[in-house]
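Owing to the predicted nature of the structure, the values given are computational and were not obtained by experimental measurement. We count residues from 1, following the sequence as given.
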Amino acid sequence: MKIRYFFIFFLLITSTFYAQVTFVINNLPENTPKNTSIYISGDFEGWTGGQVKYKLYQNKNTYSITLPKQINTINFKFTKGSWETVEADNEGTNIDNRTYTYSSKKDTIKISISNWIETSSKKSTAAKNVFILSEDFYIPQLDRRRKIWIYLPPKYDSSKKSYPVIYMHDGQNLFDIETSYAGEWEVDESLNEIFNENGNGFIVIGIDNGGEKRMDEYSPWKNNKYGGGEGDAYVEFITKNLKPHIDKNYRTLSNKENTAIIGSSMGGLISYYAGLKYSEIFGKVGVFSPSFWFSYESFDYAKTNGNLQNSKVFFLAGGKEGNNVILSEINQTAKDMNTVIDLLKNNGFKNNHLFSKIVPDGMHNEKLWRDNFKEAILWLFE
């Protein structure tokens with residue numbers, strides 16, 4: 001019996017030891033300075049753009065880094081230390097997130113980087129009705145400051161109308177390719193299009209993420225490996241400080257039927273939480289590619305807070321959010337999303353107030369969220 005337990009223990013230890021991946025960059029663009037520092041940044045470390053502990057080791061012209069097993073699939077890119085110097089395609093434009101799915105053994109992935117995006121080469125794509133509300137809006141609950149964007153509907157200044165308001169996370173990626181680190185959502189283009197089609201206008205408040213604090217702020221629950229736990233404070237800031245400021249200074253329809261909160265990945269998780277906890281404030285919720293894996297307490301939260309009768313939630317996931325997914329499979333993001341939807345329904349959430357969409361070829365990136373943003377708005381506010 002002892003031999004058997006020892007054998008099982010040995011398997012667990014060796015499995016953990018081998019469950020790692022080494023990324024080797026052996027081909028760099030000619031415009032890479034000699035001895036430049038290169039970093040890996042992704043969802044496993046909060047999309048910070050470059051942390052010291054994720055700096056690649058350089059050996060002559062080759063760079064490498066070994067990552068122990070993270071979540072099943074990680075999304076990532078390489079930078080020279082910030083999102084102003086992220087990798088790009090041959091033409092110098094943004095590429096989709098790279099993905100890697102862990103196996104139970106050691107793995108080595110060889111990578112070529114085609115180009116780098118330099119700040120000077122990125123031109124702003126923000127529409128004329130997108131503005132910076134504040135470069136350093138104070139968050140008293142966290143004693144931090146944050147850049148806040150605001151999108152106003154066309155003809156706002158010449159109108160006396162009041163408008164619904166949509167609160168969104170990862171403000172860097174919503175309106176402008178110049179500030180994005182993984183492509184932009186084109187929220188301004190989509191909403192301008194809706195306005196031109198049917199005259200319906202919206203105000204959007206984009207809150208920049210906090211870099212290395214992103215995972216902390218976007219989950220009320222803690223993950224022993226990745227942080228979290230500041231989500232309550234972050235959402236309280238939106239409801240108690242930011243929203244009152246917007247309602248006071250802009251012509252808003254401030255009731256829950258006209259207030260939405262939308263985000264993706266970790267932003268999807270915190271939007272889901274905010275929509276359930278503050279259902280009297282957020283009547284419309286967009287939950288895109290939610291990171292329910294971060295804490296399965298999110299399942300329990302659906303059980304205890306799912307009996308909502310007057311809220312609407314639009315759920316979205318891609319069929320290929322993990323790069324090992326084949327047509328006959330459904331990835332973990334979609335599985336977790338469906339589990340939460342079932343829990344909400346079982347606990348009283350009105351069926352016709354839930355919309356669920358899985359895009360078969362969709363991946364965990366801005367393209368998926370950009371392509372489905374307009375549909376989400378039209379359904380939430382129909």
### Query
Judged by modelled atom types alone, do Ser265 and Ser289 share a side-chain donor-acceptor pair under 3.5 Å?
no

### Task
Would you mind checking if Glu45 and Lys53 are paired as a salt bridge, meaning a charged N to carboxylate O distance below 4.0 Å?
no

### Task
Would you please say whether a donor-acceptor pair under 3.5 Å links the side chains of Asp107 and Tyr102?
no

### Task
Go through the side-chain N and O atoms of Asn365 and Asn97 and say whether any donor and acceptor fall under 3.5 Å apart.
no

### Query
Just one of Tyr234, Trp47, Tyr273 clears the ring-ring contact (aromatic ring centres under 6.0 Å, His included) bar with Tyr218, so which one?
Tyr234

### Query
In terms of ring plane angle, is the pair Phe282 and Tyr278 parallel, tilted or perpendicular, where the classes change at 30° and 60°?
perpendicular

### Message
Please identify which of these residues, Ile203, Leu242, Thr239, Ile262, meets the side chain to side chain contact (heavy atoms under 4.5 Å, CB included) condition with Tyr167.
### Response
Leu242

### Message
With no hydrogens and no angle check, just 3.5 Å: does a side-chain donor-acceptor pair link Asn192 and Tyr151?
### Response
yes

### Query
Does any donor atom in the side chain of Thr252 or Asp247 lie under 3.5 Å from an acceptor atom in the other side chain?
yes

### Task
Check the angle between the aromatic planes of Phe23 and Phe76 and answer parallel, tilted or perpendicular using the 30° and 60° thresholds.
tilted

### Query
Do the side chain of Thr79 and the main chain of Gly49 share a donor and acceptor less than 3.5 angstrom apart?
yes

### Query
Do the side-chain N and O atoms of Asn372 and Lys357 include a donor-acceptor pair separated by under 3.5 angstrom?
yes

#### Entry: NZ/NE/NH1/NH2 to OD/OE distance under 4.0 Å, Lys213 and Glu230
no

#### Entry: Distance (rounded to the nearest 0.5 Å) between Leu368 CG and Glu321 CD
6.0 Å

### Query
Asp143 and Gln141: side-chain donor and acceptor closer than 3.5 Å?
no

### Query
Relative to Phe381, does Lys284 satisfy both conditions: NZ or CZ under 6.0 angstrom from the six-membered ring centre, and within 45 degrees of the ring's axis?
yes

### Side-chain H-bond candidate by donor/acceptor type, Ser180 with Glu366, under 3.5 Å
no

### Query
Under 3.5 Å, is there a donor-acceptor pair between the side chain of Asn223 and the main chain of Phe294?
yes

### Query
Does the pair Asp342/Lys345 count as a salt bridge with the N-to-O cut at 4.0 Å?
no

### Task
Measure the acute angle between the ring planes of Trp149 and Phe175, then classify it against the limits of 30° and 60° as parallel, tilted or perpendicular.
tilted

#### Entry: Donor-acceptor side-chain pairing of Trp221 and Ser298 below 3.5 angstrom
no

### Message
Looking only at side-chain N and O atoms, does Asn115 offer a donor or acceptor that is under 3.5 Å from a partner on Asn31?
### Response
yes

### Task
Starting at CD1 of Ile281, measure out to NZ of Lys240 and round the result to the nearest 0.5 Å.
7.5 Å

